[in-house]
Amino acid sequence: MIEKNDTGQTVTLKDFSEADLMEGDVTLRVTHSTVNYKDGLALTGKSPVVRRFPMIPGIDCAGVVEISSNPDFRAGDRVILNGWGTGETHLGAYAEKSRVKGDWLVPLPDGLTPAEAMAIGTAGYTAMLSVLALEKHGLKPTDGPVVVTGAAGGVGSVAIALLAKAGWHVIASTGRAKEADYLKSLGATEIIDRNELSGAGRPLGKERWIAGVDCVGSHTLANVLSMTRYGGAVTACGLAQGMDLSASVAPFILRGVSLLGIDSVMCPKPRRVEAWARLATDLDRGKLAGITSTIRLEDTIAAGADILAGKVRGRLVVEIDRN
């Protein structure tokens, strides 16, 4: 529970009555959640992610429907929830129960366990949205390499695994040199130091890749755009370096480069269903297991600080109820 007063916010574990859950037409027994970068911002208060107090954080959950008045779901259904303001304006996933709108839910795809769904989580689902956006832009592996920034993080790790399986030559940008073997095990062909991209750059750089998945923002995104080949595209889905974008129009008007925004929070349900169906078929389960660690609910507070400090590799699953 996150609470706030004049001296700042506090985060503690405490008992909470099911009767005090917010309005919704589906009540879930939460079995698993995860810790994303946004969860870290909420837990630490480093960014005003939470806009209602007190708040149960956690933007993702997998669970079992207990009570439903929504025609699409009935008791016993296994479901996934990503975003829609949970953990921000609506009581979130770090609890044993959650009451939400059924329209926010996606059925758990066949072949995925709840733990695997949260190993994917918003990070992996965002990575899949990025892959879909590049595909719908008409790009394919034979067009050239793809760069992934923030490569050792959750979005980056899943993006590398998905892109490599699809046949892309993946260039992974990271500030953690010790993770090179890890990134290559996911399918990265080349590893570059993030310092090559993180400083102020030129309006146009040497053309190095046809596509990009950027999880970092700021100067990094500007540099990725400046080095994108003619007709290429870059997805923007993160802000680990910053929310600013001091870029030039040169890549857009001289090379026809496209910047594709990726929103996971309010993404329409049909696109969510498409992304989760592709994740169930396209993501290598062995690689997913290799990037995943499991923690307990009481470990999430410390994990929030760790993920902002860059101490978390891949994905963290929060095990809440295995029954």
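When a residue number appears, it is its place in the shown sequence, counting from 1.
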Regarding [X] and [Y], does a basic nitrogen lie under 4.0 Å from an acidic carboxylate oxygen?
X: D321; Y: R29; value: yes
X: R285; Y: E116; value: yes
X: E23; Y: R99; value: no
X: E274; Y: K269; value: no
X: K184; Y: D181; value: no
X: E88; Y: R52; value: no

The single option from D77, L28, D25, V26 passing side-chain contact (heavy atoms from CB on, under 4.5 Å) against S68: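 Among D77, L28, D25, V26, the one that satisfies the side-chain contact (heavy atoms from CB on, under 4.5 Å) with S68 is V26.
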Just to verify, which of L134, T126, I262 counts as forming a side-chain contact (heavy atoms from CB on, under 4.5 Å) with V213?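 Going through the options one by one, the only one that passes is L134.
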Hey, does [Y] have a side-chain heavy atom less than 4.5 Å from the side chain of [X]?
X: V106; Y: V79; answer: no
X: L105; Y: V100; answer: yes
X: S264; Y: Y125; answer: yes
X: R208; Y: E196; answer: yes
X: L21; Y: K97; answer: yes

ILVMFWY cluster, [X] and [Y] together (side-chain gap under 4.5 Å):
X: M128; Y: V155; answer: no
X: V170; Y: V131; answer: yes
X: Y94; Y: L41; answer: yes
X: L288; Y: V312; answer: no

Non-hydrogen atoms of [X] and [Y] that approach each other most closely:
X: G199; Y: N223; value: O-ND2, 2.7 Å
X: V50; Y: A42; value: CG2-CB, 3.8 Å
X: I307; Y: V35; value: CD1-O, 3.5 Å
X: I291; Y: S157; value: CD1-CB, 4.0 Å

Any chance you could measure I301, atom CD1, to T12, atom OG1, to the nearest 0.5 Å?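 These two atoms lie 6.5 Å from each other.
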Once you round to the nearest 0.5 Å, how far does CD of E298 lie from CG of L13?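 Rounded to the nearest 0.5 Å, the CD-CG separation comes to 6.5 Å.
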Hey, are [Y] and [X] close enough side-chain-wise for a donor-acceptor pair under 3.5 Å?
X: T220; Y: Q241; value: yes
X: T235; Y: S130; value: yes
X: T89; Y: R51; value: no
X: D60; Y: S33; value: no

Would you please classify the geometry between the H90 ring and the W104 ring as parallel, tilted or perpendicular, with 30° and 60° separating the classes?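 The arrangement is perpendicular - the two ring planes meet at more than 60°.
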Heavy-atom neighbours of R78 CZ exceed 12 at 6.0 Å: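 Count not over threshold, so no.
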Would you say that more than 12 heavy atoms from the other residues, nucleotides or ligands in this model lie under 6.0 Å from the CG of D110, or not?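 Open: at most 12 neighbouring heavy atoms sit under 6.0 Å from CG of D110.
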Any donor-acceptor pair under 3.5 Å from T228 side chain to V224 backbone: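 Judged by distance alone, yes, a pair lies under 3.5 Å.
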Are any side-chain N or O atoms of R315 and backbone N or O atoms of M118, one a donor and one an acceptor, separated by less than 3.5 Å?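 It does hold such a pair.
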Which hydrophobic side chains are connected to Y230, either touching it within the sub-4.5 Å cutoff or through other members that do?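 Members alongside Y230: none; it stands by itself.
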